[in-house]
Amino acid sequence: MLLFLLKRIGAGLVLLVAATAGTFFLAHLAISDPTAALLGSTATPEQQAALALKLGLDRPVLVQFLDWAGHAVRGDLGLSWRSFQPVSEQILQRVPVTLSIVTFALLLAALFGTLFGVLAGLNPGGVFDRVIQAVTVVLFALPGFWLSLVLVLWFAVRLQWFPAIGYVSPADSMTGWLRSITRPSVSLALGAIVMVAEQLRNQVMTVSRLDYIRTLKSRGLPKSRIRMHVLRNAAPTAITVLAVMFTGLLSGAVVVEAIFSMPGLGQLTQSSAQMGDIPMLLGITAATVFFLVLVYILLDIVLGWVNPKVRIR
Amino acid sequence: MTTRKASRLMGAFAALLLGLAGAAAAAEDDLRIGNLLDVTSWDPALADIGFDGPYLSAVYDPLVIIDETGKVLPALATDWQFSEDRLTLTMNLRQGVRFSDGTPFNADAAVANLEHLKAGARSSEAYHNVKSVRKVDDDTVEIALSARDDSMLYLMGLGRSYMISPDVIAKGTAAAAPVGSGPYTLEKALPGAEYDFTRVPGHWDAATYPYDRVAVFPILDPTARHNAMLSGQVNVSYGDPVNNQQAEAAGWNVSQSPAGWVGLMFLDHEGKRLPPLKDVRVRQALNHAFNGPAILKAVSHEAGKPANQVFAVGRPGHVAALDNRYPYDFEKAKALMAEAGFADGFDVTMPMAPLFQPWQPVTEQTLGLLNIRVQWDNMQTPDYQVNAPKYPMFIAFIAMDGDPIANLARQVTMPQWYNLEPEYAKFPEIAALVEKAQTLTGDDQIKAVEALNTKLTEEAWWSVWYQAANVYHAQPGIRVTGVPGMMFPTLRFIKRG
């Protein structure tokens with residue numbers, strides 16, 4: 001297991017280097033002279049040149065990347081070109097917002113996806129299964145941004161149960177925090193719930209038809225124990241889907257943060273890209289890849305714990 | 001269902017929602033602004049005038065302010081006077097003002113600030129002609145100019161004379177947090193989301209600011225801004241003209257102010273890079289060929305005014321007769337092209353970035369109908385500002401100023417990102433009119449600017465399709481007055497009413 005983990009961490013590091021290098025070189029290719037956007041249209045060429053010198057833009061691009069990478073491995077992600085504040089500080093301010101939305105959405109997806117998937121899978125063709133199938137089709141067909149807008153109009157504008165925009169830190173108000181993240185999380189989770197439910201339903205149906213389940217039934221085991229066996233063997237699929245979904249939810253958060261005006265990583269990515277703030281973009285990429293690698297390693301550990309068959313020696 | 005019925009139903013639904021939102025809105029002791037962008041910097045030398053006004057005007061006092069017509073009025077500078085040759089400006093300063101760190105505002109502080117602003121990448125635009133600044137006595141400063149500059153005071157009033165504690169300038173921490181003498185102090189900041197300000201007791205200009213608390217929310221997405229208005233979470237917002245009808249149906253106050261002109265920028269009137277542009281008939285054809293009012297309706301949702309000039313409608317320097325100097329007349333455009341010897345058109349390469357894509361199809365189609373073949377060089381928006389002037393012509397959205405001399409400088413005479421090497425001096429008639437406008441004073445100066453404006457429009461110096469406007473939505477009881485030159489006005493322009 002230790003060797004497996006080390007291999008996973010090694011692969012994660014390779015991914016981290018590849019992603020940050022890709023971001024760095026693509027950003028430099030797309031933004032030829034960031035000083036214009038950073039200083040505004042009134043800056044003189046001399047002021048632009050002075051800023052370029054200050055930012056080290058006069059050096060070869062490869063040297064700039066190696067310099068950044070050298071500092072990054074020591075935990076120094078540099079200064080934002082826009083605010084001249086540490087990148088890591090600004091990312092740490094934003095991470096709780098995005099993680100709050102994504103984690104809450106993931107919890108909702110796990111809870112309701114599992115519930116609906118299992119209920120539908122254990123009674124295929126039943127009323128509940130048919131309802132779930134119909135809802136799945138509808139929710140798959142509806143665009144996420146449209147659902148988000150409907151949620152805003154109904155729950156924030158019409159009923160005023162939730163704020164239309166903004167984020168409240170749990171340090172300021174726990175209920176305020178829950179109110180601020182509920183709608184964005186629900187917007188994100190709706191698609192995820194039906195995806196988990198559908199996957200789990202199919203897996204439960206497949207496992208239920210396997211020989212060993214039939215054998216257990218013929219031995220007269222109680223239904224509850226048989227279901228436990230079914231669920232334990234169907235669980236890895238749902239867990240894998242949830243972990244993969246984490247990536248999708250992170251991407252979805254960019255749109256949701258814009259619709260609900262939440263100061264998360266998505267919004268920071270958007271504004272940094274517009275301003276040509278390359279250190280900030282690199283920091284965000286590094287943080288995102290770090291989280292993804294962490295989630296996938298945790299996924300492997302959880303899968304091994306849930307189902308010994310998938311443990312890797 | 002007919003379109004009319006459908007729109008009535010939608011209007012009724014919107015009005016219902018808006019009514020509910022309005023009913024739920026709290027008593028308006030608080031001003032809650034849905035702005036478009038986050039504050040660029042707390043350092044006034046690095047801040048942008050565009051959308052930074054609400055943030056900076058909350059925490060800083062300027063030396064001078066402007067009113068909505070562009071007239072310069074006192075603030076921390078109580079009065080001023082130019083020397084006879086207009087090369088020295090003496091300003092008397094308000095006494096008894098202190099910054100939030102306890103440092104007094106005096107001539108030393110003003111000198112430190114003016115030198116800081118002159119060196120700033122963004123603020124220096126107001127101080128190009130400043131040679132030196134010196135303290136005369138504790139409440140008087142003197143600004144020496146290397147050349148007469150009639151737009152300096154206007155630009156200072158627009159947002160280029162905010163005073164901050166000299167201590168933070170000395171320490172180099174001006175961008176970290178605001179330390180000013182403004183009507184409010186920053187109580188809480190959640191960058192990218194919310195800035196809360198509370199009133200400073202006993203501020204010298206407290207009567208101008210009727211609200212005890214101010215919150216500014218940067219909300220990039222127009223739908224999110226509108227939803228925040230609908231829910232009552234904000235009571236003033238940078239409006240999306242698409243929602244004007246709903247806003248008016250709900251009784252919101254909807255106001256507009258000139259923002260910038262939209263059209264084609266010509267940078268090669270001598271025809272060195274694109275020979276056809278040398279011929280005024282070609283440039284005039286490119287004015288007649290575009291249906292400005294239709295583009296204004298389709299792209300800018302009627303937020304603005306049709307115009308063929310670069311001086312803001314209703315502001316000094318504007319000539320009403322020029323607004324329809326080039327009515328849409330495609331046959332005339334074709335005839336002018338033929339007359340100039342370009343019936344078969346010509347090839348042109350133009351830059352393109354996402355910000356200008358809404359106008360790309362109409363440009364390509366219109367030019368195509370004149371047999372002008374366009375090749376687009378795609379780039380990111382930040383690169384557009386760097387690269388666009390390298391092309392002989394490009395699609396432009398250029399901000400306009402309310403002050404005629406400042407507008408003349410930025411549109412014609414001063415190097416700008418969109419006009420790195422102004423060409424006016426190579427055209428004697430235009431150069432003479434420019435000189436006259438820059439030499440005269442008072443009403444004579446305005447008349448000279450109008451004459452210059454007429455000449456430039458006749459010469460089809462640009463192809464101006466329309467003047468786009470900034471739109472502001474405010475809950476009943478609040479009124480926003482837009483100011484040309486500011487995308488979002490400073491707090492003094494948001495009143496009860």
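- Ranked by non-hydrogen atom pairs under 4.5 Å with chain B, the options A:S169, A:G166, A:S261 are led by A:S261.
- For chain B, no part of A:Q90 is nearby; none of its heavy atoms comes within less than 4.5 Å.
- Summarising the geometry, atom CG belonging to A:L151 is positioned 11.0 Å from atom CG belonging to B:N227; distances are rounded to the nearest 0.5 Å.
- In B:F397, the CZ atom is crowded: over 12 heavy atoms of neighbouring residues, nucleotides or ligands sit closer than 6.0 Å.
- For the atom pair CG of A:L159 and OG of B:S231, the computed distance is 12.5 Å after rounding to the nearest 0.5 Å.
- Here CD of A:E257 is found 12.5 Å from CG of B:D221. Values are rounded to the nearest 0.5 Å.
- Between B:T223 and A:I259 the shortest side-chain heavy-atom distance does not fall below 4.5 Å.
- To the nearest 0.5 Å, atoms CG (B:L190) and CZ (A:R94) are separated by 7.5 Å.
- Counting heavy-atom pairs closer than 4.5 Å to chain A, the top residue among B:A121, B:A193, B:A228, B:A224 is B:A121.
- A 6.0 Å sphere centred on CZ of A:F25 holds more than 12 heavy atoms belonging to other residues, nucleotides or ligands.
- The heavy-atom pair separating A:R82 from B:T40 by the smallest distance is NH2-CA, 3.9 Å.
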### Query
Would A:I165 and B:I219 satisfy side chain to side chain contact (heavy atoms under 4.5 Å, CB included), going step by step from the backbone distance to the final call?
CA-CA 9 Å; A:I165 55 151; B:I219 311 172; 3.3 Å; yes
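- The contact between A:L149 and chain B is made entirely by side chain atoms (from C-beta outward), counting heavy-atom distances below 4.5 Å.
- For a residue to count as touching a neighbouring chain, one of its non-hydrogen atoms must lie under 4.5 Å from one of that chain's; by this rule B:Q233 touches chain A with the side chain only.
- With a threshold of 4.5 angstrom between heavy atoms, B:S124 approaches chain A through side-chain atoms but not through N, CA, C or O.
- Across every non-hydrogen atom of B:P191 and A:P263, the tightest pair is O-CB, 3.7 Å.
- A heavy-atom distance below 4.5 Å is found between the side chains of A:D172 and B:K188.
- Other residues, nucleotides and ligands place no more than 12 heavy atoms under 6.0 Å from the CH2 atom of A:W161.
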